[in-house]
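Atoms within each ligand, like the ligands themselves, are counted from 1 in listed order.
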Amino acid sequence: MREVVIDIPTGRNSKSGRVLPEKSLDAGADISLSWSDVSLSVNISKTESKTLLHNLSGEVHSGEVVAIMGGSGAGKTTLLNTLAGRIGPSDLTGQILVNGAPRSKSTWRKLCAYVEQDDLMYTNLSVFDTLTYSAMLRLPASLPPEAKAERVETIIMQLGLNGCRDTWIGNAEHKGISGGERKRVSIGIELVTAPRILFLDEPTSGLDAFTAFNIIDELKKLAVKQNMLIIMTIHQPRTDILELFDRSILLSTGKTMWFGSTADALDHFGSLGYPLPPKTNPSDYFLDIITLDQRSEELRTSSLKRITWFAAAWNERAAKFGHGSKRALELVSEPEVADKFPRSIVAEFLILLHRNMKNVARDKATLGASIGQSIIIMLFMGFIFFKVGNNAVGVQNRLGALFFVAVNQTFGIVMPTIGIFPMERQIIKRERSAGTYRSISVYSAKVASTLPLTIVGALIVAIPVYWMIGLQADAGKYGTFIVIVLVHSFVSNAMGLLIGSAVPNATVGQILGPLVTVIFLLFGGELLNLETVPQVFRWIQWISIISYTNKALTQNEFTGLSFDPCPQNSTSVCYRNGQAVLDQYNLTNPSKWAAVGVNVGLGCAFLVIGFLVFRKTSRPFLKLK
Ligand SMILES: Nc1ncnc2c1ncn2[C@@H]1O[C@H](COP(=O)(O)OP(=O)(O)OP(=O)(O)O)[C@@H](O)[C@H]1O
C-alpha cells in the first residue's frame with residue numbers, strides 16, 4: 001500500500017518579507033537535444049497538403065538559452081511543439097534525439113516541461129497555493145513534505161515572487177497578480193520538478209520591455225545554475241534580451257535562415273550583402289529581411305526569392321560547418337525513470353479534491369448565486385403551491401409542484417455543472433501532458449467536489465418546500481421525498497458533467513444542456529401521452545431522468561391519499577383517491593424504488609461514459625509513443 005498522506009502546507013506563516021532559503025535547485029547532468037532533417041506536412045484539404053517545416057536540423061545543449069525567432073506564421077510554434085513532442089511521430093519525418101537516443105513518452109515527460117503562451121491557472125488560488133499544489137502533485141511521495149515546501153520557497157525566491165506569494169492569481173473581473181507575475185508563476189509550476197529541458201511559447205508576449213527582460217534574465221540564470229536547456233519562441237526581442245540568448249534559430253516559411261549566435265548571424269547576413277544598418281536592433285533587422293512580405297504580389301515574389309536564397313546559403317554553410325553544434329554528441333543512456341506517476345491514486349485524488357474545494361470555497365459569487373437561487377426557488381414554490389387542498393385543484397397543484405421539483409433540480413444543477421470541464425480543460429491537458437496525475441484522479445476529484453454544493457442546494461429546496469406545499473404529513477414519506485430529490489441531484493450532476501466533458505466549449509454546452517433537459521422534460525411527466533408519440537421516439541422515456549423522478553415523487557405522494565368526496569352531478573374530472581390519479585397519468589410503472597434505482601444506475605452510467613469521453617477530450621498534448 002502506498003502513502004496517502006497529503007499534508008498540504010497552508011503558507012499562513014509565510015508573509016511577504018520573511019527570510020527565504022538562499023539556495024537554488026541542484027544543477028543537473030548534461031543533456032543534448034538534436035534534430036536532423038525534420039519536416040512536417042499537414043493536410044489542409046482532401047487533395048492538398050502544406051509543408052510547415054522543411055528539413056530542419058540542429059543541436060542544442062544544457063546550459064543554453066535558445067530562441068526560435070521569425071515573423072508571424074514562420075513556423076516558430078510548430079518547431080517548438082515538434083521538439084517538445086507535441087506533434088505525433090506519424091506526421092513527422094526526420095529524427096529527434098535526446099542525448100543521442102530517441103525520445104520515449106515515459107522518459108521525455110519527466111525530462112522536459114512546457115510553458116504555454118496563455119497562463120491558465122486556477123484564479124482563486126494564491127501564488128503560494130498554486131506552486132504548492134504543483135509540488136504536492138508532481139514530486140514523488142518519497143520526498144518529505146518539508147523538502148517539497150522548501151522547493152516551493154526556492155522557486156518563489158528564484159523567480160522573485162515573494163512580494164505576491166499570498167496574492168490570488170485572479171482574472172479579468174477580479175484583479176490578481178500582474179501579467180509578468182503570472183508568467184513567472186507559470187514557469188514556477190513547471191520548475192517544481194526541476195526539468196532538464198524547458199520549452200516556452202512566447203514567454204514575453206504582452207509584457208512591457210522591462211518585465212520581459214527580467215523574465216528572460218531569470219531564465220538565463222536558471223539555465224546556467226541548473227544546467228538546464230531552455231528553448232523558447234519569441235517575436236522581436238530588444239537588444240539586451242537578444243544578448244541573453246546563446247543561440248537563435250531564425251525561421252521563415254518553415255525553413256532555417258540561421259542557427260547560431262547573434263554575432264555570427266550578423267557576419268553571415270553581412271557576407272550575403274545585408275549588413276546591419278547603424279542604430280538598428282539586430283532582431284528587428286533579421287525579421288525585416290527574412291519575413292515573407294504578403295502586402296502585394298510583387299513584394300511577395302521578391303521577398304520569397306530572398307528567403308529561398310537565405311535558405312540555400314544556410315544549407316551550404318551547415319553542410320560545411322554543421323548545424324551550430326559546439327560539443328560532440330554524447331551517447332548517454334536514457335535517464336532512469338521511477339513510477340509513471342509521482343503520487344498514488346488516492347493521494348492524487350485527495351490533493352486534487354483539496355485544490356478544487358479551496359478554489360470553489362473562495363468563489364463567493366458563484367457560491368452566493370447557487371445558494372441564492374435555491375432559496376428563491378424554495379420561497380417561490382412554497383408560496384405558489386402553498387398548502388394544496390384535497391380537492392381537484394389540489395390534485396393539479398400537487399402534480400404541478402412535484403413535476404416542477406424535478407424540472408427545477410435538473411436545470412439548476414445541469415447548467416452550472418456543464419461549464420466546469422470546458423473551463424478547466426486546458427489546465428487539465430497541460431497538467432496531464434506533464435504526467436502530473438492520472439485522468440481518473442482528476443475526474444473523480446471533480447465529481448466529488450461538485451457534489452456538496454449540489455446536495456446543499458437540493459436540501460435548501462426540498463426540506464422546507466415539502467411542508468410549505470402541504471404534502472402528506474408522514475415522516476416516512478418525507479424521508480423518501482428527500483432521498484428521491486437527492487438521487488435526482490446526483491443524476492443531474494452526472495448528466496451535466498457528461499455533457500461538459502463532451503462539448504468543445506462552454507457555449508456549446510449552454511446550448512446542448514437545455515436541449516437535452518427539455519427533451520427529458522417532455523418525456524418526463526404528464527405533458528405527453530406516450531401512446532400518441534411515434535414509436536421511434538418512445539425510448540427517450542427510458543432515459544428521461546425527469547420521468548423517473550416524477551414517477552417516484554408522485555407515487556410517494558399520491559399513494560394512500562384520499563380526496564374530498566366528488567360533488568354530485570359534477571361534470572369535471574374528479575378523483576376519489578391518489579391511486580386513481582396515478583392510474584390516469586400512467587405514473588405507476590416502474591415502482592417508486594425501482595425508479596430511484598434506475599436513476600442511480602443512470603447517474604453511474606453517465607459518470608462512467610463521462611469519464612471515457614473526458615479522457616479523450618482532455619488528452620495530453622504529448623504525442624510521443
Ligand atoms: N494544423 C495546421 N494546419 C494547417 N496549417 C497550419 C497548422 N498549424 C500551423 N499551420 C500554419 O503553419 C504556419 C506556421 O504556424 P506557427 O503557429 O508555427 O507560426 P508562428 O511562427 O508561431 O506564428 P505566430 O508568431 O504568428 O504565432 C502558419 O502559416 C500556420 O497557419
**Student:** Does D293 have any side chain to side chain donor-acceptor pair (under 3.5 Å) partners at least two apart in sequence or in another chain, and if so, which?
**Tutor:** R295
**Student:** Residues in side chain to side chain contact (heavy atoms under 4.5 Å, CB included) with P278, at least two apart?
**Tutor:** none
**Student:** Counting the benzene-type ring for Trp, do H174 and W168 have ring centres under 6.0 Å apart?
**Tutor:** no
**Student:** Quick check: closest heavy atoms across R343 and M136, and the distance to 0.1 Å?
**Tutor:** NH1-O, 2.6 Å
**Student:** Measuring from each atom of ligand 1, which residues have a heavy atom under 4.0 Å away?
**Tutor:** V42, I44, K50, L52, G71, S72, G73, A74, G75, K76, T77, T78, E202, H235
**Student:** Strictly by salt bridge (Lys or Arg N to Asp or Glu O under 4.0 Å), give each pair with a member in residues 229-239 just once, sequence neighbours left out.
**Tutor:** R238-D240
**Student:** Quick check with a 6.0 Å cut-off and a 45 degree axis cone: is R430 positioned over the face of F621's six-membered ring?
**Tutor:** no
